[in-house]
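Ligands are counted one by one from 1 in listed order, and the atoms in each one are counted from 1 as well. Because only heavy atoms are used, hydrogens play no part in the values below, and waters and symmetry mates are left out as well, while side chains stay in. Just so it is clear, the model here is predicted, and its values are computed rather than measured.
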Amino acid sequence: MLKTENLSVGYGSYVVVEGINLEISEGEILCIIGPNGAGKSTLLKTIATYLKPKKGIVYLNGMKIHDLKPKDLAKEMAVVLTERVNPGNMTGFDIIAIGRHPYTDLFGRLTEKDREIIIESAKAVNAEYLLNKNFFEMSDGERQKIMIARALAQEPKVLILDEPTSFLDARHKIELTLLLRKLVDERNLAIVVTLHDIELALRIADKMALIKNHKVIAYGHPENVMRRDVVNDLYDLKDANYSKIIGYFELKSKPIKNKRVFVVCGAGTGANVLRYLVKNGYSVVVGVLHKNDADYVIAEAMGVEIIEEDAYNKISDENFEKALRELKYSDVVVYTNFPTGEMNYKNLKLIESAKEYGKKIIYYDGNISVLNGI
Ligand SMILES: Nc1ncnc2c1ncn2[C@@H]1O[C@H](COP(=O)(O)OP(=O)(O)OP(=O)(O)O)[C@@H](O)[C@H]1O
């Protein structure tokens with residue numbers, strides 16, 4: 001329904017992004033991701049017809065979007081940009097009512113149906129309680145909801161949102177992102193949205209476009225697009241690694257302390273220990289872990305040394321020797337609270353050996369303070 005064909009966007013003679021070929025259908029979310037200044041907003045503003053393309057065409061249902069009359073376009077597409085608005089002395093209801101403009105008469109009079117749609121739109125974003133509240137008395141999250149309700153009141157088929165979560169706290173970020181998914185599923189909308197939080201973007205997007213260096217460097221299903229090399233390159237990451245499995249970043253291990261810590265963990269019980277140790281510059285080795293173990297995935301993203309199982313719950317003599325060697329070289333051994341309540345044979349043997357070697361042994365039971373000043 002919405003398609004860009006060889007689109008170039010920019011200002012004056014400055015082409016910000018070129019050769020953009022994207023397509024989105026009803027019931028889909030397209031997330032645009034990229035570093036600051038990559039051109040995400042410029043692309044959205046061009047799709048929203050606030051800017052003319054430098055080159056190429058944007059189609060909406062086969063029609064050239066820049067040729068449509070604003071009032072006709074407003075019935076098809078609604079736009080929520082980042083700029084903080086200052087609408088003066090208006091209530092939530094008044095702001096949402098602006099969304100009805102494409103449908104009202106010359107005097108902007110609201111019919112009963114308009115009022116119903118305004119209230120429905122507020123309900124859709126859980127903002128009914130804000131209808132009589134003054135816009136300038138609302139929190140950032142509440143304002144954002146009202147702006148989205150205004151867009152919904154336009155009864156669009158396409159919704160364009162520029163960084164809708166930028167002023168929101170963690171809870172409201174998640175809430176709003178889930179709301180977008182709900183709108184797509186319930187109203188069959190097509191949504192084009194820029195998000196800075198790639199973890200959330202991954203969760204809700206049907207398609208993702210990554211923008212960098214004036215180009216769309218990757219486009220498609222998020223699960224295909226979000227590869228480590230691509231994401232690391234997108235953000236020029238040096239000190240962190242994107243993990244495709246976690247869908248997030250882990251700090252890269254950069255030991256600055258002359259202390260080596262051997263971590264015995266598994267099934268994700270070591271995640272916080274590993275993060276704490278890497279953050280605080282310890283030299284870390286972890287094992288013995290199976291490749292599919294959650295702690296393995298996290299340690300791998302950190303670039304921490306891992307002693308691997310050869311098969312599930314099996315370790316060769318050679319690898320076990322290696323584990324014991326590493327144990328000898330380590331200053332401290334930390335072991336975690338296993339979810340099953342009991343440790344497997346090889347890990348028990350490691351702890352026993354650590355005792356024999358006279359190592360300092362710390363049991364982590366969920367309280368990270370046990371690692372203070374090790
Ligand atoms: N009105 C303007 N006139 C000229 N150049 C502009 C204008 N607005 C933005 N730019 C430039 O265009 C480039 C892309 O900006 P844009 O706002 O689209 O990036 P973005 O990807 O949305 O960034 P951010 O994540 O920081 O919001 C930047 O180099 C910016 O300085």
Chemist: I'd like to know whether L277 forms a side chain to side chain contact (heavy atoms under 4.5 Å, CB included) with N280, so could you lay out the CA-CA distance, the side-chain angles of the two residues, the decisive distance to 0.1 Å, and finally the verdict.
Modeler: CA-CA 5 Å; L277 294 171; N280 286 291; over 6 Å; no
Chemist: Do side-chain atoms of T269 reach the backbone of C265 as a donor and acceptor pair under 3.5 angstrom?
Modeler: no
Chemist: Sequence neighbours left out, what passes side-chain contact (heavy atoms from CB on, under 4.5 Å) with K113? Give chain and number order.
Modeler: T111, I117
Chemist: A quick test of your reading: do over 12 heavy atoms of other residues, nucleotides or ligands sit less than 6.0 Å from CG of L237?
Modeler: yes
Chemist: Give a table of atom pairs where an N or O of ligand 1 lies under 3.5 Å from a protein N or O.
Modeler:
residue  : atom   : partner : partner atom : Å
ligand 1 : 8 (N)  : Y11     : OH           : 3.2
ligand 1 : 18 (O) : S41     : N            : 3.4
ligand 1 : 18 (O) : T42     : N            : 2.9
ligand 1 : 18 (O) : T42     : OG1          : 2.4
ligand 1 : 19 (O) : G39     : N            : 3.2
ligand 1 : 21 (O) : A38     : N            : 3.1
ligand 1 : 21 (O) : G39     : N            : 2.8
ligand 1 : 21 (O) : K40     : N            : 2.8
ligand 1 : 21 (O) : K40     : NZ           : 2.9
ligand 1 : 22 (O) : S41     : N            : 2.9
ligand 1 : 22 (O) : S41     : OG           : 2.7
ligand 1 : 23 (O) : G37     : N            : 2.8
ligand 1 : 25 (O) : N36     : ND2          : 3.1
ligand 1 : 25 (O) : K40     : NZ           : 2.7
ligand 1 : 25 (O) : H196    : NE2          : 3.2
ligand 1 : 26 (O) : N36     : ND2          : 2.9
ligand 1 : 26 (O) : G37     : N            : 3.4
ligand 1 : 27 (O) : E163    : OE2          : 3.2

Chemist: Taking all non-hydrogen atoms of both residues into account, name the closest pair between K40 and T194 and its distance.
Modeler: CB-CG2, 3.6 Å
Chemist: According to the interplanar angle, ranging from 0 to 90°, do the rings of Y242 and F249 count as parallel (below 30°), tilted (30 to 60°) or perpendicular (above 60°)?
Modeler: perpendicular
